[in-house]
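Read through the structure below, which is laid out as structure tokens, and then see the notes.
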Amino acid sequence: MNNNQLILKEKFIKYFSSILEEDLMNEILEVGHFDTIAAGELLVDVGDNLTHIPLIFKGSVKIIRHINEDGELVIYYLKTGDTCAISFINCIESKKSVFEGIVETDMEACFIPLDKVDEWLVKYKSWRRYIIDSYHFRLMEMLASIDGLAFNTLNERILTYLTSMSERSNENVLHITHQQIANDLNTSRVVISRIMKQLQNEGKIVSSRNNIELLE
DNA sequence: ACATTAAGTGATT
DNA sequence: AATCACTTAATGT
């Protein structure tokens, strides 16, 4: 057991001990696989066989839905305290992921093997609670995502996209290109550029090559 | 200096 | 709001 693992475990305890009961925490510390994953890494790809579920205690993961070869859309983000219950339920049946997950900001997580996830549902009340809550939360996030698509203008979608990204990174200045935003929102770069200029004129942002500063 | 990548723009649908 | 067909600007080698 190296030092790094101990530090990760301590952080994990700090964040999760208020949510999960003690016996369960001890079991997690025993069977969980603690790891750090750098920003930009591909956590899961569409069709991947899932073997573990992450309990995230630092960083964020971008969850992307692929429609065709060239169509993709960001559905939601997993953050500290989150797990992906959607993929767990899905795993019981097919064991294959329907989403792509890319680490957005450096992540620290504890990976739980699937059979344990299942076993603990019966064994621990706090685990049941946590998984069900998480499932509910994912569903709400997905609803928000659908609402955004159906009822918001692209203008509004871009603003929410930028502010939520700023919240996750605790930064007012985002290092991102118009092209990347276009990819995440499934639109074209030209359209983003035009709206960005509009937002700049409205005094909401300052945009320059490779970075966007959010005002207010 | 030249090539590559990011962003701006007018016209068209 | 999307696409085309550019132009201009910023950066890397």
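Just so it is clear: chains get the letters A, B, ... in the order the sequence lines come, proteins before strands, and each one is counted from 1.
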For A/Leu154 and C/dA1, give me the distance from atom CG to atom P, rounded to whole Å. 5 Å
Classify the ring geometry of A/Tyr130 against A/Trp127: parallel below 30°, tilted from 30° to 60°, perpendicular beyond 60°. tilted
From CD of A/Gln200 across to C1' of B/dA6 the rounded distance in Å is 14 Å
How many Å lie between CG on A/Asn183 and C1' on B/dA7, as a whole number? 15 Å
How about A/Asp106 and A/Thr36: do any of their side-chain heavy atoms sit closer than 4.5 Å? no
In whole angstroms, how far is the P atom of C/dA2 from the CG atom of A/Asn155? 13 Å
Give one of base, sugar-phosphate or nothing for A/Thr177, where a contact means two heavy atoms less than 4.0 Å apart. sugar-phosphate
Given C/dA2, is OP1 or OP2 found less than 4.0 Å from the side-chain N or O atoms of A/Thr187? yes
Testing B/dA6, C/dT3, C/dA1 for proximity to the side chain of A/Asn210, the answer is B/dA6
Is the shortest side-chain N/O distance from A/His178 to OP1 or OP2 of B/dG8 below 4.0 Å? yes
Selected nucleotide, minimal atom distance to A/Arg209 side chain, candidates B/dA6, C/dA1, C/dC4: B/dA6
Let me know the distance between CD1 of A/Ile192 and P of C/dA2, rounded to the nearest Å. 8 Å
Just how far, in rounded Å, is P of C/dT3 from CD of A/Gln179? 12 Å
What is the separation between atom CD1 on A/Ile176 and atom P on B/dA6, rounded to the nearest whole Å? 12 Å
Would you say A/Arg168's side chain and A/Ser60's backbone share a donor-acceptor pair under 3.5 angstrom? no
Verify, without hydrogens or angle tests, whether A/Thr177 (side chain) and A/Asn210 (backbone) share a donor-acceptor contact under 3.5 angstrom. no
I want to verify a distance call: between C/dA1, C/dA2, B/dA7, whose nearest atom is closest to the A/Arg189 side chain? B/dA7
Side-chain heavy-atom pair A/Phe137, A/Tyr76 within 4.5 angstrom cut-off: no
Please state how far atom CD in A/Gln198 lies from atom P in B/dA7, giving the value in whole angstrom units. 17 Å
